[in-house]
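The structure appears right after this line, and notes come after that.
We name chains A, B, ... by the order of the sequence lines, and we start the count at 1 in each one. These numbers come from a predicted model, not from an experiment.
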Amino acid sequence: AREVIRPKADKETTSEELKPWLRTIYSTKAEIVTPTVIAGVTFSAKPAATPDPLEPWVSLNKDGSPKTIKPELKNGRTKNPHPEYSTYFQTASVRTFSYEELKAHNMDPNDVYEEEVFIDEDKTYVSLNPIIRCTPERYFMKGSANDISSQPFCTPRENTSWKVGKTYFVSWFTRFFEDEFSGEVVENVRVHLSYVKEKASEKGFHKR
Amino acid sequence: DIPATFFSSEWLKNVDGMYGIEIDGDWLQGQYERKIVVSVQPSNIPDEEFNPLENGVLLYMIQGSKVSKYSKEELALQDAGISNDKWYYVALSIPTMVIFALVCIYFFLHYNGKYRDFSDVTQAALGKRHRVLGEVSKMKKFRKMKNHKYSELPSYNEKSSKQ
């Protein structure tokens, strides 16, 4: 006979619990946000009261597995800072100004000045995603001759391996799915996984 | 019902630009690895027109290696006093059985020693079977054979110059 060892109960502090939080969107609309954890990455987490410029962000490995990046301050510069997306998620439009509006001294009174303006996207929901977003500059080349662009995918890369039991992120450039006629970005998408018949010569020969 | 497709997610918001997939072991269908293609279908393309194999990324889905290390679940069971030590009993029982069998054989031989008779295979018995042939000259078959001595063999002297 031996003494029964009771399993230790998981210690969980209140700060670790993911509780829903309230935010106001579009100036007046109240919304309850419920954080979710996928593969150790917390989505829709409540932002800190004081934003930290060195707050960790999540990058993706070639196979699509998440990797946390911690920005560092070195010699007055930030190493591994949060990713910038240039104008990939902005909408370009042309704004015209007449002479009466500008009163520029070097402008002809009958002339019209055109300026290209980039309108930022609605970041209401995008800002809650801590994972790096897919942009065309992060596309890779695929195919046997490495001559086909992977668009719209950034991850996973071709010929990588997905192991059973692990979670991987498929990421794509959202603006790739634009309607040809209206120019609007498609609202919904669906991810498919399909079997591919392997050639006898290919079987068991890929890099493990 | 797209051909060859074994997983289709629900409709997602495109603005998210990503989707997390946990790989299920059943998808391998008993194989170690399967080649698959990942594709994204926008809502403006109907199922009938969408071919997942056309614009996708090819990759492999593998079983993965097993690390012989205690998992969290196993450690939790050990903490609870539950351990799967079958292998330990098997590993111990095999040499124990061998030693027991050897001891049994020893006592069996020891107590049955007086009933054992190996006289027919002893050295004396084998010696009786040994036959000495003796000298060749005394053998019946070769007794009449005349065997001349070497000195009696004809010899030739050197010829003189007169001859």
Side-chain angles (χ1 to χ4, degrees), chain A residues 2-8 38-39 41 60 63-64 66 121-122 125-126 129 131 133-134 142 150-174 176-177 179 185-198 202-204 206 208, chain B residues 2-29 31-45 47 50-66 72 75-82:
Chain A
R2 65 176 179 184
E3 201 182 336
V4 175
I5 306 159
R6 300 201 180 281
K8 291 169 191 170
I38 302 167
V41 181
L60 293 174
D63 57 2
E121 66 174 338
D122 178 10
Y125 294 99
V126 171
N129 184 355
I131 296 183
R133 297 173 76 188
C134 180
K142 63 176 186 175
S150 69
Q151 58 182 4
F153 296 101
C154 286
T155 58
R157 292 209 173 184
E158 200 167 56
N159 292 329
T160 49
S161 296
W162 278 0
K163 286 179 184 171
V164 168
K166 289 196 172 183
T167 304
Y168 299 91
F169 287 95
V170 179
S171 62
W172 62 90
F173 180 46
T174 54
F176 179 80
F177 301 112
D179 196 288
V185 179
V186 169
E187 201 176 329
N188 294 317
V189 291
R190 210 151 65 140
V191 176
H192 297 289
L193 300 182
S194 317
Y195 290 124
V196 181
K197 202 173 182 184
E198 239 177 328
E202 287 176 340
K203 273 187 180 175
H206 92 270
R208 284 185 189 164
Chain B
I2 296 161
T5 300
F6 61 93
F7 172 82
S8 292
S9 71
E10 67 278 18
W11 287 105
L12 317 158
K13 280 186 177 177
N14 179 38
V15 73
D16 293 336
M18 63 185 61
Y19 182 65
I21 301 172
E22 190 179 350
I23 309 304
D24 192 341
D26 293 340
W27 295 345
L28 282 170
Q29 296 179 323
Q31 295 184 29
Y32 177 75
E33 67 172 31
R34 294 288 311 244
K35 198 175 186 179
I36 58 165
V37 66
V38 181
S39 51
V40 172
Q41 177 192 5
S43 57
N44 61 349
I45 298 178
D47 287 355
F50 179 72
N51 184 0
L53 308 176
E54 254 176 36
N55 293 304
V57 181
L58 284 166
L59 56 119
Y60 292 88
M61 198 166 59
I62 62 166
Q63 184 66 51
S65 53
K66 265 201 169 183
K72 281 180 184 175
L75 289 170
L77 284 171
Q78 279 184 7
D79 282 347
I82 304 159

Name the member of [options] that forms the most heavy-atom pairs with chain B at distances under 4.5 Å.
options                                : value
A/Ile131, A/Ile38, A/Asp63, A/Asp122   : A/Ile131
A/Val189, A/Val41, A/Thr167            : A/Val189
A/Tyr168, A/Phe173, A/Phe176, A/Phe169 : A/Tyr168

May I have the step-by-step check of side chain to side chain contact (heavy atoms under 4.5 Å, CB included) for A/Arg190 and B/Asp47, ending in yes or no?
CA-CA 10 Å; A/Arg190 210 151 65 140; B/Asp47 287 355; 3.0 Å; yes

With heavy-atom distances below 4.5 Å as the criterion, would you say the side chains of A/Cys154 and A/Leu60 are in contact?
no

Any side-chain heavy atom of B/Ile21 sitting closer than 4.5 Å to one from A/Trp162?
yes

Can you list everything that forms a side chain to side chain contact (heavy atoms under 4.5 Å, CB included) with B/Gln63? Sequence neighbours excluded, please.
A/Val164, B/Leu28, B/Tyr32

Where on [X] is there a heavy atom nearer than 4.5 Å to chain B: the side chain, the backbone, both, or neither?
X        : result
A/Glu158 : both
A/Lys142 : side chain
A/Phe153 : side chain

Below 4.5 Å, heavy-atom pairs only: which of B/Gly56, B/Gly20, B/Gly17 has the largest tally toward chain A?
B/Gly17

Specify which of B/Asp24, B/Ile45, B/Val15 makes the most heavy-atom pairs with chain A at under 4.5 Å.
B/Val15

Counterpart residues, ring-ring contact (aromatic ring centres under 6.0 Å, His included), relative to B/Tyr19 (two or more places apart):
none

Take B/Gln29 and B/Phe6, measure what side chain to side chain contact (heavy atoms under 4.5 Å, CB included) needs, and give me the verdict at the end.
CA-CA 11 Å; B/Gln29 296 179 323; B/Phe6 61 93; over 6 Å; no

